[in-house]
Amino acid sequence: MRFLIEPCCTDSLAGLRDYANAVECSGLDGLFLTGTDALPAPLVTAAAVAAANDVVLLAVDVELGDRHPVEVAEECAVVDQASRGRLIAVLSAADGHAADFDEATDLLRLAWGARPFRLDGRRWQVPAGEGCVRVTPSPFGARVETWVAGREACRVQWRDPDTLLRELERERATEDRGWAIVAAPLGALAAIGKAVRPRLALDRLPPGLTELWDS
Amino acid sequence: MQSTAAWPGSFARSYDRFAADAAVVERHGFDSVWCGEHRFWYDGWCPAPLHAQAFAAARTDHVRFGTAMLLLPQHDAHAVARNAITLDRLSGGRLELGLGLGYRDEEFAAVGLRRSDRARLMEEKLEILESAWSGPKWIGGMAPAALERAARRGHSVMLPQTLSARRLRAIAARHREQAPAGSRIGVLRDVHIEPDPARASEFRSRLRAHYREEIVSWWGDEPERQLGYVDAAAAVGGAEAVAETLRALREAGATDLMARLSFDFVEAPVVHDQIARLRDEVLPLLEEA
């Protein structure tokens with residue numbers, strides 16, 4: 001199981017930098033960033049964190065609603081390039097926009113592709129008029145890593161190591177999505193790295209191993 | 001942040017470079033660093049300047065960031081506001097938003113808009129942006145409508161790099177008549193400090209080639225005339241000559257100078273050297289006058 005940490009109670013660059021560094025030091029995989037009142041644009045936050053730490057993955061809640069998907073695609077491409085391929089765009093439909101979600105995600109994938117494209121969709125015609133469009137810059141790698149909210153990762157709240165372990169074991173038994181997004185305070189990351197992640201890293205642990213860790 | 005046919009390079013490194021340039025600008029005591037926006041062009045010129053600036057903000061401490069220009073009519077204004085609020089917060093309040101109309105049909109068409117609607121879109125979106133984010137704003141352009149818009153809404157103006165001191169004088173006077181006190185008059189200027197005439201001339205050739213590509217592809221007609229404006233206005237030469245050009249702009253009424261030292265054909269160490277020379281050789285000449 002792999003771990004993305006959703007920061008709580010911080011809206012400063014210094015605080016986010018601490019989170020990113022603690023994620024790295026604890027052997028966890030990355031951050032999950034959503035819009036907050038103080039920092040409503042998580043892709044901007046991701047860009048800043050990308051400069052502050054050059055290792056951790058940056059999963060970003062990307063809500064598709066009123067905005068033109070081409071604009072979203074551009075921002076993601078820039079963050080992906082600046083972070084050297086560490087962006088994970090976690091897509092969801094904003095309230096009232098479920099009907100357009102498939103078309104919006106198709107448009108994102110075209111925009112991140114290698115060729116100029118056009119889309120004559122139900123909601124969007126790209127470009128208006130004739131011709132094709134190429135969104136630039138390109139993604140860092142072959143594509144932007146794209147998830148759909150709830151599909152690749154379960155989302156849980158930290159309480160304590162034992163509770164987290166039980167919840168994640170339950171999640172894994174029900175539907176093994178492979179990734180966990182854990183909303184956790186900074187102080188919990190060491191415990192997640194030491195006590196929780198190793199216990200979930202393998203399908204089965206040899207008998208006696210966990211007792212060795214605990215002693 | 002471009003990878004052009006003349007000077008290709010890594011997109012990823014270009015954001016590192018921009019952050020490094022910002023740190024050098026900060027180290028030399030300049031107030032701010034500015035970057036532009038373009039979209040849907042082969043060279044990948046940054047379509048999301050606020051994100052590039054968030055990256056650079058994390059590697060700097062107090063230098064301010066400005067956009068020259070963010071193409072507001074083409075964007076979702078609520079999203080621009082959210083981006084601005086976030087960058088401003090993360091950077092510790094260092095954002096200035098320069099807003100331009102945009103001039104490329106392709107950029108508007110790609111997002112289902114018409115360039116002919118840009119003035120109306122600018123007004124609508126400024127309304128939304130102003131109510132969501134109260135930080136400093138600069139309206140780009142020199143046409144009467146742009147100046148009137150800036151004055152009416154209480155913003156500063158940002159004038160282009162093609163504008164001579166002579167033409168700036170009238171524009172600045174008109175703006176001062178219309179605008180509230182405290183409205184600033186910024187001017188972009190291409191700058192390169194090079195006392196050797198042969199090397200200065202070579203820089204001018206490269207500058208013309210850089211602009212020729214843009215003008216022929218984007219600005220449309222009369223490339224030679226436009227290139228003439230660019231050439232005449234650029235501050236290229238030894239420190240005294242550059243200072244003279246900048247002094248003329250100040251005397252004509254400009255309150256803020258945005259010096260452009262970075263082009264696709266100027267290598268990173270040269271950009272850093274230019275930043276240092278602007279501070280060490282040109283500014284003292286401007287201060288003594």
Side-chain angles (χ1 to χ4, degrees), chain A residues 11-17 20 35-54 65-85 111 116 118 123-140, chain B residues 1-3 10-16 18-19 22 37-61 74-92 95 105-114 132-133:
Chain A
D11 52 23
S12 73
L13 181 56
L16 289 162
R17 188 192 304 265
T36 63
D37 288 336
L39 304 174
L43 282 169
V44 173
T45 307
V49 177
N53 177 290
D54 60 11
D66 286 326
R67 292 184 80 184
H68 200 295
V70 159
E71 193 176 279
V72 176
E74 287 173 317
E75 294 184 357
C76 289
V78 167
V79 173
D80 197 51
Q81 283 284 1
S83 69
R84 292 169 193 246
R118 71 170 293 117
R123 181 164 173 202
W124 289 286
Q125 292 74 48
V126 181
E130 289 174 5
C132 290
V133 156
R134 176 93 199 281
V135 169
T136 58
S138 51
F140 181 78
Chain B
M1 289 155 275
Q2 311 166 259
S3 172
S10 150
F11 289 129
R13 275 199 215 288
S14 69
Y15 300 101
D16 277 328
F18 175 65
E37 173 187 352
H38 274 292
R39 312 166 78 183
F40 319 113
W41 189 236
Y42 80 91
D43 68 0
W45 194 324
C46 186
L50 298 179
H51 296 70
Q53 290 181 341
F55 188 88
R59 295 203 178 153
T60 50
D61 181 68
Q74 297 174 10
H75 289 289
D76 178 313
H78 296 285
V80 173
R82 289 193 299 267
N83 291 341
I85 288 165
T86 305
L87 172 54
D88 206 27
R89 182 67 184 249
L90 288 171
S91 67
L95 178 63
D105 284 312
E106 295 79 8
E107 289 175 348
F108 287 87
V111 290
L113 299 169
R114 287 181 309 196
W133 185 70

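Chain letters run A, B, ... following the sequence lines, proteins first and then strands; every chain starts at 1. All heavy atoms count here, side chains included; hydrogens, waters and symmetry mates do not.
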### Task
For each of Ala51(A), Ala82(A), Ser83(A), tally heavy-atom pairs with chain B at distances under 4.5 Å, and name the one with the top tally.
Ala51(A)
### Message
Please give me the minimum heavy-atom distance between Leu87(B) and Val44(A), naming the atom from each residue.
### Response
N-CG1, 3.9 Å
### Query
What heavy-atom pair brings Ile85(B) and Pro40(A) nearest, and what distance separates the two atoms?
CG2-CD, 3.8 Å
### Beyond-backbone contact of Pro137(A) with Cys46(B), side-chain heavy atoms, under 4.5 angstrom
no
### Query
Is Arg67(A) close to Arg82(B) at the side-chain level, that is, under 4.5 Å between some pair of heavy atoms?
yes
### Query
Under 4.0 Å between a Lys/Arg side-chain N and an Asp/Glu carboxylate O for Asp16(B) and Arg84(A)?
yes
### Residue, of Ala52(B), Ala48(B), Pro47(B), Gly112(B), that accumulates the most heavy atom pairs under 4.5 Å with chain A
Pro47(B)
### Message
Apply side chain to side chain contact (heavy atoms under 4.5 Å, CB included) to residues Tyr15(B) and Val78(A) and explain how you reach the verdict.
### Response
CA-CA 9 Å; Tyr15(B) 300 101; Val78(A) 167; 3.6 Å; yes
### Task
Against chain B, label Arg17(A) side chain, backbone, both or neither, depending on which of its atoms sit under 4.5 Å from a heavy atom there.
side chain
### Task
Select, from Leu16(A), Val49(A), Thr45(A), the one with the greatest count of heavy-atom pairs under 4.5 Å involving chain B.
Thr45(A)
### Query
Does a sphere of radius 6.0 Å around CZ in Arg114(B) hold more than 12 heavy atoms from other residues, nucleotides or ligands, not counting ones at 6.0 Å or beyond?
no
### Task
Among the options Thr36(A), Asp80(A), Leu13(A), Val79(A), pick out the one with the most heavy-atom pairs lying under 4.5 Å from chain B.
Leu13(A)
### Query
With only heavy atoms counted, which part of Gln74(B) is less than 4.5 Å from chain A, the side chain, the backbone, both or neither?
backbone
### Query
Looking at Gly15(A), Ala47(A), Pro116(A), which makes the most heavy-atom pairs under 4.5 Å with chain B?
Ala47(A)
#### Entry: Ser12(A), part contacting chain B, at a heavy-atom distance under 4.5 Å
backbone
### Task
Locate the shortest heavy-atom distance separating Arg89(B) from Leu39(A); write the atom from each residue and the value.
CG-CD2, 3.5 Å
### Between Gly131(A), Ala50(A), Cys132(A), the one whose heavy-atom pairs under 4.5 Å with chain B are most numerous
Ala50(A)
### Query
If every non-hydrogen atom of Trp41(B) is compared with every non-hydrogen atom of Thr136(A), which pair is closest and at what distance?
O-OG1, 3.0 Å
## Note on the structure
For Val70(A) and Ala110(B), the nearest pair of non-hydrogen atoms, with its separation, is CG2-O, 4.4 Å
#### Entry: Between CE on residue Met1(B) and CD on residue Gln81(A), distance to nearest 0.5 Å
12.5 Å
### Query
Is it the backbone or the side chain of Arg13(B) that comes under 4.5 Å from a heavy atom of chain A, or both, or neither?
both
#### Entry: For Leu90(B) against Ala48(A), the heavy-atom pair lying closest together
CD1-CB, 3.9 Å
### Query
Side-chain contact, heavy-atom cut-off 4.5 Å: Glu71(A) with Val111(B)?
no
